[in-house]
2 protein chains.
Amino acid sequence: MLGLAAEFEFEAFVRLAGDAAAAPSIQERQVIARSAVRALEREERLVERITALGGDPAEAMAPFDGVVQDFEERTTAGSWSERLLKAFIGYAVADDFLRLLAEGTDPETRELVAGLLGDEAHTELVVAQLSQVLADDVAASRLALWGRRLVGDALAVIQGTIVRHPAFGRLLAAAGPGESEDRVQRVFAALTAEHTRRMERLGLTA
Amino acid sequence: MLGLAAEFEFEAFVRLAGDAAAAPSIQERQVIARSAVRALEREERLVERITALGGDPAEAMAPFDGVVQDFEERTTAGSWSERLLKAFIGYAVADDFLRLLAEGTDPETRELVAGLLGDEAHTELVVAQLSQVLADDVAASRLALWGRRLVGDALAVIQGTIVRHPAFGRLLAAAGPGESEDRVQRVFAALTAEHTRRMERLGLTA
């Protein structure tokens, strides 16, 4: 779990640095570049935790190489708004998934992950930027459609990750009552519900 | 000058984040990612200074959009060693040039720039990594050749920048005695001398 989280944060750092370069204004560029730095800082904390638990960070992260790329390649964002929404939805769903996985780990790891995840500054930028775009009904319905595609892609990447790493299924099962498969299904229901809540915050239909 | 420096550091941040993603080991990846963060921090300091002087950072930086890309596109690094040497030489020559430009500015800006530039941790990584590669004579002579191409590219980008922005020629002239053109020539001689010193540190013929 820590390997996945660390690899995810590192790749988020690289992607966000690229997003910053493509930002249309210097203000957005600075905010997104800072988000990239925070992702790297989270990765560093996670790498420290892997080491503290006696693990080898490189070994722990290697199986998840390309996890963000997998999501990035599924759908190509056209406009800047689409790119913003893509990063926002992708990282938020991943955060939620990591938090759910962490519930099955030791208390210290769980607390670390819960404390690390979430990036309010980035969320606020996205909400502020997109609210301007969403004043236009056509743009809003196009973005709502885009959001639905994105969450589908994000959930598919997560499902693929669980299938390739059965230990995640066990971690999710350990975190709650009921049958293991039910628990995995409940996880997807929880991820979808969180996504719906976020889209509503943006004023978009999920 | 501050606009050029800030844009340069921002683009260095983006490039180094990409370099980190391509690093062959997790140790190198972490060191390079941290170099990227330091480049962004330098950019933030420079942006602050532009604002403190009453300038508009976006306006100050816009003329230099793509300055690192210009250098990057001239020659494509093949191996990881070539990529390391490319970043090392490119950023070092740029740092030297910015430092020389800063000599023609107000004392506070000059001090800020002198204090900001240079990244010892990054240099040490490059020196340590390349020394291993350079134990092999064939690799060493290939990298020496590569270094000569790179410095040529870096100086060409700087020359292009001076031609497009005559104010830089004036800044360089302000910083020393003699005719303006002589001074610009002396700058290139100084940049070449610094490059030779750095290549020698690596054990390479400049």
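Chain letters run A, B, ... following the sequence lines, proteins first and then strands; every chain starts at 1.
Neither the backbone nor the side chain of B/E11 has a heavy atom closer than 4.5 Å to any heavy atom of chain A.
Between B/E7 and A/R29 a salt bridge is recorded (basic side-chain N to carboxylate O distance below 4.0 Å).
Annotation: maximal heavy-atom pairing with chain A below 4.5 Å, among B/A21, B/G18, B/S25, occurs at B/A21.
The shortest non-hydrogen separation linking A/V14 to B/A17 is CG2-O, 3.7 Å.
Atom CZ of A/R142 has 12 or fewer neighbouring heavy atoms from other residues, nucleotides or ligands inside a 6.0 Å radius. Annotation for A/E111: atom CD does not count as buried by contact number, only 12 or fewer foreign heavy atoms lying within 6.0 Å.
Shown here are the side-chain hydrogen bond (donor to acceptor under 3.5 Å, both in side chains) partners of B/E82, two or more places apart in sequence or in another chain: there are none.
At a heavy-atom separation below 4.5 angstrom, chain A is approached by B/P57, B/A58, B/M61 within residues 45-66 of chain B.
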Ignoring hydrogens and angles, write down the donor-acceptor pairs under 3.5 Å from the side chains of residues 129-140 of chain A, residues two or more places apart or on other chains.
| unit_1 | atom_1 | unit_2 | atom_2 | d |
| --- | --- | --- | --- | --- |
| A/S131 | OG | A/V127 | O | 2.2 |
| A/S131 | OG | A/A128 | O | 3.4 |
| A/D136 | OD1 | A/V138 | N | 3.0 |

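Sorted by first and then second residue, the pairs that involve residues 68-107 of chain B and meet ring-ring contact (aromatic ring centres under 6.0 Å, His included), not counting sequence neighbours, are B/F8-B/Y91.
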